[in-house]
Amino acid sequence: MMLWQARILGCGATFVGVGVTRMAFTPLAAMAVSQGLWTANAPSKIGAFLLIGYAFGAVMTPWLLKKLGTTLLLKVSLFFISTGLIFELGYKTVESWLVTRSILGFCGACLMVCGPSLALKFGTPSERNQTQLWTFMGIGLGACVSASLLEFRAGLIAMLVPIVLFCLLFFALSLLWLKSPLNTETTYRIFSVLPPKTLIIAYALDAIAYIPATVYLSDYVTNELGLHIGNILWQLFGLGAIIGPWIATALSKKIGSSAALNLIYVFKTFALLILAWSQQVELLAIGSMITGVCVPAIVLLTASEIRRTLEDKYFSSAWSLATLVFASAQALGAMVMALCFQLIKTYQPIFLGGALLLFPACYLTLQSSRGKL
C-alpha cells in the first residue's frame with residue numbers, strides 16, 4: 001500500500017470513528033428532536049450509550065488487535081458502522097438508536113486506535129509527522145460535514161444518506177487497498193510499554209473536559225439562551241477542528257510538541273471559561289471555534305509525544321492505552337455530568353467544571369515540557 005493510501009485510510013478511520021459516530025450525533029440528535037421523532041431528553045440517553053460503547057470498545061481493542069490484526073479490525077469496524085448507519089435509515093426510534101449507537105461507539109474506538117496505527121506504519125519519520133496531520137483532521141471533518149448538512153433542513157434521513165455514503169466509500173477503499181495483512185504488521189503486545197503517566201493523566205482530564213462543548217453546547221444556546229445559532233456554533237467548532245491539526249503541527253515545529261501541547265491545553269481552558277461565563281453570541285462563537293481547534297490538536301500532540309518518547313514499534317500499544325484511558329474517563333465524566341445537569345437544570349456550571357478540570361492538566365503538561373515530571 002502506498003503512503004497516500006495509508007493517509008486516506010487514516011483520515012477515514014478518524015472521520016468515521018469519531019467524526020461520524022460521535023461528532024455527527026450532535027446535529028443528528030437535534031434534527032430528530034426538532035422533527036418530533038425523539039423527546040428532548042432522548043439525546044442524553046443515547047449519548048450515554050454511545051460513550052459507554054466507546055469505552056467498552058477501547059477496553060476490547062487491544063485484545064481484538066492481537067487476535068485480528070490492524071488491517072482486519074479496521075475493515076470489520078468500518079463494515080459494522082456502515083451497517084449500523086444503514087439500519088438507522090429505516091429505524092429512527094430511540095430504542096433502535098440505543099443499540100446502533102452503542103455498536104457505533106464500540107467500533108469507533110477500534111478505528112481510533114487501528115486507523116492512526118496503520119497510517120503511521122508508512123513513510124520516513126518526517127513523512128509520518130505529516131501523516132499525523134492528515135489522519136487526525138478527520139475528526140473535524142466529521143463535525144463540519146454533519147453541521148453543514150443540517151443547514152439544508154431536509155430531515156434526518158437526508159442527513160444520514162451522505163454520511164452513510166462516506167462510510168461505505170472508506171469501507172470499499174479498505175477492501176480494495178487492504179487485501180491481505182501488511183508486511184509491516186507485527187505481533188501486537190498488549191500494553192508492552194506504557195506512555196508517560198503525566199501525559200495520560202492530562203489526557204484523561206481532557207476527556208472529561210471535552211464533554212461540555214461537544215455534548216451540551218448546542219442544547220445550551222438553543223434551550224437555555226433561546227438563541228437560534230446552535231448549529232452555527234457547531235459549524236464553527238467543526239471548522240476549528242479541521243484547522244486544529246494544522247495549527248498543532250505548525251506550533252510543534254516552532255516550539256516542540258511538548259510545549260505546543262501545554263499551550264493548547266491553556267487555550268482550551270480559556271475557551272471553556274468563555275462558555276462558562278459569557279452569554280454574548282460573539283464570545284460564544286470564539287469559544288466554540290477555539291474549543292474545536294483544541295480537540296483534535298490535543299489528540300494529535302498527545303500522539304506525537306507518545307511517538308517522541310517511545311520507539312515506533314511500541315506506538316500501537318501505547319496509543320491503545322491512551323485511547324482506553326480517554327474513553328473510560330469520558331464515559332465516567334458523561335454520567336456524572338448528566339447527573340449534575342438533572343440536579344441543577346442549567347448548563348454553565350458544567351462548562352465551568354470542564355475548565356477547572358483542565359487546570360491540573362495545564363500544570364502537568366507545563367512541568368512535562370520543562371522536563372520536571
>> Between Tyr91 and Phe87, is the ring-ring contact (aromatic ring centres under 6.0 Å, His included) condition met? List the steps.
In response: CA-CA 6 Å; Tyr91 297 90; Phe87 184 84; 4.5 Å; yes

> After noting the C-alpha distance and the side-chain angles of Glu127 and Arg7, does the key distance pass the side-chain contact (heavy atoms from CB on, under 4.5 Å) rule?
Replying inline: CA-CA 10 Å; Glu127 287 173 335; Arg7 287 175 174 173; 3.9 Å; yes

> Please walk me through it: do Leu85 and Val20 pass side-chain contact (heavy atoms from CB on, under 4.5 Å)?
Replying inline: CA-CA 10 Å; Leu85 289 169; Val20 167; 3.9 Å; yes

>> Test side-chain contact (heavy atoms from CB on, under 4.5 Å) on Lys92 and Ile157; report intermediate values, then the result.
In response: CA-CA 9 Å; Lys92 299 178 285 297; Ile157 297 298; 3.7 Å; yes

> Can Val295 and Met23 be said to form a side-chain contact (heavy atoms from CB on, under 4.5 Å), step by step?
Replying inline: CA-CA 11 Å; Val295 166; Met23 296 294 191; 4.0 Å; yes

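Panel note: side chain Ser102, backbone Gly53; no donor-acceptor pair is recorded below 3.5 Å. With Thr100 contributing its side chain and Ser96 its backbone, the two residues share a donor-acceptor pair below 3.5 Å. The main-chain N or O of Ala202 is found under 3.5 Å from a side-chain atom of Tyr265 such that the two form a donor-acceptor pair. Under the 3.5 Å distance criterion, the side-chain polar atoms of Arg22 are left unmatched by any main-chain donor or acceptor of Gly105. Gln348 places a side-chain N or O within 3.5 Å of a backbone atom of Ala276 that can act as its donor or acceptor partner. Formation of a donor-acceptor pair under 3.5 Å by the Thr365 side chain with backbone atoms of Ala361 is found in this model. One N or O on the side chain of Arg128 and one on the backbone of Gly123 form a donor-acceptor pair closer than 3.5 Å. Formation of a donor-acceptor pair under 3.5 Å by the Ser278 side chain with backbone atoms of Leu275 is not found in this model. No side-chain donor-acceptor contact under 3.5 Å links Ser320 to the backbone of Ser317.
Heavy atoms only, all atoms of each residue included: Leu104 and Gly84 are closest at CD1-CA, 4.0 Å. Ala209 and Leu272 make their closest contact through O-CD1, 3.7 Å (heavy atoms, listed as atom of the first residue, atom of the second, distance). Taking both residues in full, the closest heavy atoms of Pro245 and Pro296 are given as CD-CG, 3.9 Å, listed atom of the first, atom of the second, then distance. Pairing each heavy atom of Ile211 with each of Gln330, the nearest pair is CD1-O, 3.3 Å. When all heavy atoms are compared, the tightest approach of Ala207 to Tyr210 is O-CB, 3.3 Å. Shortest non-hydrogen contact noted between Ala55 and Ala331 is CB-CB, 3.8 Å.
Taken together through direct or relayed side-chain contacts under 4.5 Å among Ile, Leu, Val, Met, Phe, Trp and Tyr, Trp63 and Phe80 form part of one hydrophobic cluster. The cluster map of Ile, Leu, Val, Met, Phe, Trp and Tyr, joined by side-chain heavy atoms under 4.5 Å apart, puts Leu236 and Ile243 in the same cluster. Ile103 and Leu51 fall into different hydrophobic clusters, where Ile, Leu, Val, Met, Phe, Trp and Tyr residues are linked whenever their side-chain heavy atoms come under 4.5 Å apart, directly or through other members. Val16 and Leu176 fall within a single hydrophobic cluster, where Ile, Leu, Val, Met, Phe, Trp and Tyr side chains are chained together by heavy-atom contacts under 4.5 Å. Follow the hydrophobic side-chain contacts under 4.5 Å out from Leu98 and you reach Ile81 in the same cluster.
Ring-plane geometry between Phe56 and Phe106 is classed as tilted, the angle between the planes lying from 30 to 60 degrees on a 0 to 90 degree scale. Taking the six-membered ring where the residue is Trp, Tyr203 and Trp319 present tilted rings, their angle falling between 30° and 60°. In this structure, Trp97 and Phe25 have tilted ring planes: the angle between them lies in the 30° to 60° band. Relative ring orientation between Trp134 and Trp246 is described as perpendicular, the plane-to-plane angle rising above 60° on a 0-90° scale split at 30° and 60°.
Residue Phe267 qualifies as open at atom CZ: its count of foreign heavy atoms under 6.0 Å is 12 or below.
Looking at heavy atoms from C-beta onward, Cys107 lies out of side-chain contact with Thr21 at the 4.5 angstrom threshold. Looking only at side-chain heavy atoms (C-beta outward), Thr323 and Tyr54 come within less than 4.5 Å of each other. Counting only heavy atoms from C-beta outward, the side chains of Arg101 and Leu28 approach each other to under 4.5 Å. Between Met112 and Val299, the closest side-chain pair of non-hydrogen atoms falls below 4.5 Å. Counting only heavy atoms from C-beta outward, the side chains of Leu89 and Val164 approach each other to under 4.5 Å. When side chains are defined from C-beta on, Leu301 does not count as touching Leu251, because their heavy atoms never get closer than 4.5 Å. When side chains are defined from C-beta on, Leu273 counts as touching Leu352, because their heavy atoms get closer than 4.5 Å. Using a 4.5 Å heavy-atom cutoff, the side chains of Phe270 and Ile274 are in contact.
To the nearest 0.5 angstrom, Ile298 atom CD1 is 10.5 Å from Asn262 atom CG. We find the CD1-OG1 distance between Ile264 and Thr269 to be 11.0 Å, quoted to the nearest 0.5 Å. If you take CZ on Phe136 and CG on Leu141, they are separated by 13.5 Å, rounding to the nearest 0.5 Å. Atom CG of Leu364 sits about 6.0 Å away from atom CD1 of Ile201, to the nearest 0.5 Å. Distance check, rounded to the nearest 0.5 Å: CD1 of Ile208 to CG of Leu357 gives 5.5 Å. Note that CG of Leu261 is 5.0 Å distant from OG1 of Thr302, once rounded to the nearest 0.5 Å.
For the residue pair Gln132 and Ser304, a side-chain donor N or O sits within less than 3.5 Å of a side-chain acceptor on the partner.
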